[in-house]
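Reading through the structure tokens given below for one structure.
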Amino acid sequence: YLYNNRYAGDQVFRIHPNTEEEVGRVKSILGHIKVDLWQPNSLSMITHNATVDVHVKHNDVLRLHTCLKQDHISYEVFITNLQKEIEKQTGYRSSRRRR
Amino acid sequence: SASQYDYEVYHSLEEIQSWMFEMNRTNPDLVDMFSVGKSYEGRPLYVLQLGKRSRPQKKAVWIDCGVHAREWIGPAFCQWFVKEALSSYKHDSVMRRLLNQLNFYIMPVFNVDGYHFSWTTDRFWRKTRSKNRKFHCRGVDANRNWKVKWCEEGASSHPCDDTYCGPYPESEPEVKAVAKFLRKHKKRVKAYISIHAYAQMLLYPYSYKYATIPNFNCVESAAQTAVSALYSAYGVKYRYGPASTTLYVTSGSSIDWAYRNGIPYTFAFELRDTGYFGFLLPESLINPTCTETMRAVKTIATGLLKKC
């Protein structure tokens, strides 16, 4: 595996905070989980009506689902297995090369 | 060799650097290669200069890619630009005129240490790889480290944050080296372009404040023409405008610094996509993304040859 399979089961969430209150909730939730923000680049830049793309480690995926559902915050998962996407992006070529 | 190099896959730092040497070796009349300095971990910061050696004081365009390590489509575009420029010089009158009348400084990988790290260890690394004296966290956001409104809104002073501005302006050797080069050549460099991803936007100053730049009409018109040219390729829409209102307020950015340093046209491209693949844009989309961006960059450069 690429990167020693370290991204197996990781997911990328796309979160849609629609109100200032939801922005506050999203900042608080993401502030308590170790996440990798893809867009925007820091919690302070999260605003309503702008999406938040966040990479979450596999062992925090369930927790984030639970928190967002509890607060009725709109979201979807746009990458369900990050390792697979990484393998697809370059893995295919390196396996070709291996062949 | 140059003819077998695959421009439609992502390449490691080593592959890109040997490709640069090959471009330099096989195109003696149009290409020069030099280093503007060394990275934090001691790697050379290579730049290719493209252009006919006609007269010393030609106007110039600077294009850097790979400021943020995980944005791999950036270095792919810089390689694509070089390939297209050199291969079309003979048969494309627009490109021939550009290379005859302008020099292009192309820096395929600005953040060489971070890019190498994103290939070997952490695919989503963003920053440089400099060490911090007090914290275990490493790296500075190379687009928050420039000496313009440094470390104010939109940057973090905490070393573990992804938007960490650094211990002081130009603390990063990579930033200092490029700033030094652009300061030295400021009279000739008329456009600064920095390639990032992802969001599908074309941004221009200011990033650090909600205000209008003095030459707004010329820059706005150049941006509009550029995104129209981009759209003409595959119908992909890019938003454009001042970075502060189009994306968000950030301080210490390269386009603000370059603009304040006297370069009248400074742009940041946020290439594809808007968040289906994010940083993992598949290799199958390198071709269309680079083709459309090539059209945009050519119109920006062509605009420099006219009066605004």
Side-chain angles (χ1 to χ4, degrees), chain A residues 1-8 10-17 23 27 30-31 34-58 74-98, chain B residues 6 8-12 15 68 70-73 76 117-127 141 143-144 153-158 160-165 196-201 207 243-250 253 270 273-286:
Chain A
Y1 288 103
L2 294 176
Y3 304 95
N4 294 323
N5 205 29
R6 67 180 277 185
Y7 300 103
D10 288 12
Q11 296 193 343
V12 182
F13 284 56
R14 162 152 289 187
I15 307 170
H16 310 273
V23 166
K27 286 182 179 179
L30 299 183
K34 186 166 171 25
V35 296
D36 170 24
L37 267 173
W38 282 19
Q39 288 277 21
N41 299 312
S42 71
L43 290 180
S44 61
M45 296 175 181
I46 294 177
T47 59
H48 70 282
N49 296 333
T51 57
V52 179
D53 294 347
V54 58
H55 161 203
V56 185
K57 293 306 293 173
H58 61 279
S74 155
Y75 74 96
E76 77 248 22
V77 177
F78 81 78
I79 295 181
T80 53
N81 186 330
L82 204 48
Q83 185 68 33
K84 212 176 283 179
E85 284 308 315
I86 291 174
E87 300 284 352
K88 259 196 255 174
Q89 190 187 39
T90 53
Y92 169 68
R93 178 163 46 89
S94 58
S95 62
R96 247 189 348 232
R97 180 167 295 172
R98 272 200 294 277
Chain B
D6 190 344
E8 299 193 26
V9 298
Y10 296 107
H11 290 277
S12 67
E15 289 172 348
H68 291 136
R70 60 189 175 183
E71 300 165 7
W72 285 10
I73 188 63
F117 192 71
S118 75
W119 267 77
T120 56
T121 312
D122 180 346
R123 173 66 188 77
F124 303 106
W125 187 259
R126 167 186 168 92
K127 302 190 285 183
D141 183 339
N143 206 27
R144 300 292 187 283
E153 190 179 351
S156 168
S157 56
H158 193 294
C160 294
D161 286 348
D162 255 356
T163 54
Y164 176 44
C165 56
H196 294 257
Y198 58 91
Q200 288 178 204
M201 290 178 181
S207 315
S244 55
T245 50
T246 311
L247 194 53
Y248 28 67
V249 171
T250 59
S253 76
E270 290 282 348
D273 60 12
T274 55
Y276 183 80
F277 293 106
F279 297 118
L280 296 173
L281 196 72
E283 290 174 332
S284 57
L285 292 179
I286 290 176

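Letters go in sequence order (proteins before strands), and every chain restarts at 1.
Phe279(B) places a side-chain heavy atom less than 4.5 Å from the side chain of Trp38(A). The closest side-chain heavy-atom distance from Ile79(A) to Leu280(B) is below 4.5 Å.
Looking at Ser12(B), neither its backbone nor its side chain comes within 4.5 Å of chain A, counting heavy atoms on both sides. For Tyr198(B), the parts sitting under 4.5 Å from any heavy atom of chain A are the backbone and the side chain alike. With a 4.5 Å cut-off on non-hydrogen atoms, Ser284(B) does not touch chain A at all. With a 4.5 Å cut-off on non-hydrogen atoms, Asp122(B) touches chain A through its backbone and its side chain both. Neither the backbone nor the side chain of Leu43(A) comes within less than 4.5 Å of any heavy atom in chain B.
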>> Walk me through whether Gln89(A) and Phe277(B) qualify under side-chain contact (heavy atoms from CB on, under 4.5 Å).
In response: CA-CA 10 Å; Gln89(A) 190 187 39; Phe277(B) 293 106; over 6 Å; no

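Between Gly275(B) and Asp53(A), the shortest heavy-atom distance links the atoms CA-OD2, 4.2 Å. Contact detail for Ala199(B) and Gln39(A): the closest heavy-atom pair is CB-NE2, 3.9 Å. In this structure, Asn41(A) and Arg70(B) approach most closely via the heavy-atom pair OD1-NH2, 4.3 Å. Closest of all the heavy-atom pairs between Pro40(A) and Tyr248(B) is CB-CE2, 3.2 Å. The two residues Thr250(B) and Met45(A) have their closest heavy-atom pair at CG2-CE, 3.7 Å.
Formation of a donor-acceptor pair under 3.5 Å by the Arg123(B) side chain with backbone atoms of Leu2(A) is not found in this model.
With sequence neighbours excluded, the residues that form a side chain to side chain donor-acceptor pair (under 3.5 Å) with Tyr75(A) are His65(A), Lys69(A). Take Lys27(A) and apply the side chain to side chain contact (heavy atoms under 4.5 Å, CB included) test, not counting sequence neighbours, and it matches Val23(A), Ile46(A).
Here the CG-OG distance, from Asp162(B) to Ser42(A), works out to 9.0 Å after rounding to the nearest 0.5 Å.
Relative ring orientation between Phe124(B) and Tyr7(A) is described as perpendicular, the plane-to-plane angle rising above 60° on a 0-90° scale split at 30° and 60°.
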